Asks: 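Before we start, here is the structure in question, set down as structure tokens.
As the structure is a computational prediction, the values presented were derived from the model and not from experiment.
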Amino acid sequence: MLTPRRIEIFKAIVDEYIKTAEPVGSKALQQKYHLSYSSATIRNDMQALEEMGYLEKTHTSSGRIPSTLGYKFYCENLLNEAQMDKKMEVAISSAFDVSNMNIEEAVHQSCRILSEMTNMTAGAIGPDSSEQQLEHIKLFQVDPRNCVGVFITNTGHTETKNFHFDDDIPFSDMESCTDILNRELHGVPIDELPERMKEVRPELNSNVQKHDILFAAFVKAFVKFASDNVYFSGKDRILYQPEFEDIDKLKKLMGLLEDSSSDAWRQLPHEKNAVAVTTQQGAHLTWIDDVAVVSSPFKVHDGEHGRLVVVGPSRMNYDKVVAMIQYAAKLIEKMYDDSDEGGSSHQK
């Protein structure tokens, strides 16, 4: 059973392993953490913790390291109250102090800062496109070969897209195209738009001269709108963590980071080999093999949420990472609130 003594020893092992990345032995643990138990008692408790599944023994050392189940227990029960170091707080809040910075830029800047401060990969996942519906499309022609498209959802979210065409497109074609799309695609879920364009194509063919060019441009824009709402900073930082010297583990990790679908990241806690937990502070953690994903949601609009994430090895400083990511998520949420009050539109 998990007695107070075993919990104390277990926490010391996790804290030491997070600092050193080296398997922890009983003698070093006793000396460094000034534990008032004999080395034999500590060894017996470490053996018991291993049998309960909270610790693992490595092949290269007599010491032990936390297991995924151990990290889950640690984050569920032993995390300190999230407290921000003042320097970290100033560094993260500075990302939101630039008056001419829009929300997207601030989110990306906060990801870069989180990545630098944790020496891991940090990212942002946009709202679930399946929960949004197309409200309206507007096109603003810059010249015959360039225009700006504005896509507005039923939640008030606004997405912009720059269109560049290889041929001149008459303004009348752009008007006719947007009129047809607004009439036929109003209320369609964002993630269904690319497929629904097939049904609209015959009408475009009959009423729009440059229909092939515009059809291809809008399908591409809708695909991007539906899926390309994942941003990461510092993908290379995680490569220097000793856990990912294993090529197979590194391939799995990079495959995960290259997935730009927000659905894949939302489904991560439900993967076959995943272990997930929500901390007392409200952060969400998921472990798959030696990869840990810490995330914190932020409200974008009513019923619509984005998510900040930090991706790293299971051996990470959870106290520090949880505090930072929750602080950054609150600042992003406040920025959306301030923007709503000011009546301005949002760009993802």
Side-chain angles (χ1 to χ4, degrees), residues 102-104 107 124-231 260-267 299-306 336-337 339-348:
N102 64 29
I103 292 173
E104 179 183 15
V107 170
I125 301 170
D128 187 354
S129 61
S130 67
E131 296 180 0
Q132 301 177 74
Q133 299 170 2
L134 182 67
E135 184 70 22
H136 195 69
I137 302 170
K138 294 180 181 179
L139 277 187
F140 301 93
Q141 189 175 38
V142 178
D143 58 48
R145 295 197 176 192
N146 293 278
C147 71
V148 177
V150 180
F151 304 92
I152 304 169
T153 73
N154 61 314
T155 64
H157 178 72
T158 301
E159 179 86 5
T160 60
K161 165 71 176 174
N162 293 320
F163 290 93
H164 173 73
F165 308 108
D166 293 330
D167 296 327
D168 290 356
I169 304 294
F171 181 67
S172 59
D173 270 8
M174 293 188 185
E175 279 191 318
S176 298
C177 182
T178 51
D179 285 346
I180 292 169
L181 296 183
N182 280 323
R183 183 174 66 251
E184 299 298 329
L185 300 179
H186 175 80
V188 173
I190 299 301
D191 59 351
E192 295 180 16
L193 288 172
E195 188 66 25
R196 289 290 294 273
M197 279 292 288
K198 296 177 183 178
E199 300 175 15
V200 181
R201 190 166 195 169
E203 189 171 356
L204 290 176
N205 293 352
S206 301
N207 296 280
V208 179
Q209 182 181 351
K210 302 280 188 176
H211 53 83
D212 285 340
I213 295 174
L214 287 169
F215 175 83
F218 272 100
V219 168
K220 184 177 179 180
F222 287 147
V223 168
K224 184 176 177 64
F225 193 3
S227 64
D228 188 16
N229 58 349
V230 176
Y231 171 84
S260 63
S261 167
S262 62
D263 287 342
W265 285 89
R266 288 190 179 85
Q267 293 303 315
K299 182 181 175 182
V300 177
H301 303 289
D302 290 339
E304 200 177 352
H305 292 80
Y336 271 101
D337 286 342
S339 183
D340 279 339
E341 290 171 6
S344 62
S345 62
H346 305 302
Q347 292 186 16
K348 182 175 67 124

Asks: How far apart are the C-alpha atoms of Leu185 and Met197, what are their side-chain angles, what is the distance that settles it, and do they pass the side-chain contact (heavy atoms from CB on, under 4.5 Å) test?
Replies: CA-CA 8 Å; Leu185 300 179; Met197 279 292 288; 3.9 Å; yes

Asks: Test Leu134 against Thr153 for side-chain contact (heavy atoms from CB on, under 4.5 Å), laying out the working first.
Replies: CA-CA 5 Å; Leu134 182 67; Thr153 73; 5.9 Å; no

Asks: Quick one: pull up CG in Leu214 and CG in Asp173 and give me the separation to the nearest 0.5 Å.
Replies: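 Going from CG on Leu214 over to CG on Asp173, the span is 6.0 Å.
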
Asks: For Phe140 and Val150: C-alpha separation, side-chain torsions, deciding distance, then whether side-chain contact (heavy atoms from CB on, under 4.5 Å) applies.
Replies: CA-CA 8 Å; Phe140 301 93; Val150 180; 3.7 Å; yes

Asks: Mind checking the CZ-CG spacing from Phe218 to Leu204? Nearest 0.5 Å is all I need.
Replies: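 Here the rounded value is 9.0 Å.
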
Asks: Mind checking the CG-CG spacing from Asp212 to Asn205? Nearest 0.5 Å is all I need.
Replies: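 The CG atom of Asp212 sits 6.5 Å away from the CG atom of Asn205.
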
Asks: Return the CG to CD1 distance between Asp143 and Ile169, rounded to the nearest 0.5 Å.
Replies: 11.0 Å

Asks: Are the side chain of His186 and the backbone of Glu135 linked by a donor-acceptor contact shorter than 3.5 Å?
Replies: yes

Asks: For a 4.5 angstrom cut-off between non-hydrogen side-chain atoms, does Glu184 reach Glu199?
Replies: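 Result no, sub-4.5 Å side-chain heavy-atom pair not found.
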
Asks: Say whether, by atom type as modelled, one donor and one acceptor occur between the side chain of Asn146 and the main chain of Val142 under 3.5 angstrom.
Replies: no

Asks: With a 4.0 Å cut-off, would you call Asp166 and Arg145 a salt bridge?
Replies: no

Asks: Could you tell me whether Glu195 atom CD has more than 12 heavy atoms of other residues or ligands within 6.0 Å of it?
Replies: no

Asks: Set out, in order, the CA-CA distance, both residues' side-chain angles and the distance that settles side-chain contact (heavy atoms from CB on, under 4.5 Å) for Phe163 and Lys220, then state yes or no.
Replies: CA-CA 10 Å; Phe163 290 93; Lys220 184 177 179 180; over 6 Å; no

Asks: What distance do His211 atom NE2 and Cys177 atom SG have between them, rounded to the nearest 0.5 Å?
Replies: 11.0 Å

Asks: Could you check if a side-chain atom of Val208 sits within less than 4.5 angstrom of a side-chain atom of Phe215, using non-hydrogen atoms only?
Replies: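 When only atoms from C-beta onward are counted, Phe215 and Val208 do not touch, as no gap falls below 4.5 Å.
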
Asks: Output yes when a side-chain donor or acceptor of Asn154 lies under 3.5 Å from a complementary backbone atom of Gln133, and no otherwise.
Replies: yes

Asks: Please report the interatomic distance SG(Cys147) to NZ(Lys161), rounded to the nearest 0.5 Å.
Replies: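 Answer for the SG-NZ pair, Cys147 versus Lys161, is 10.0 Å.
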
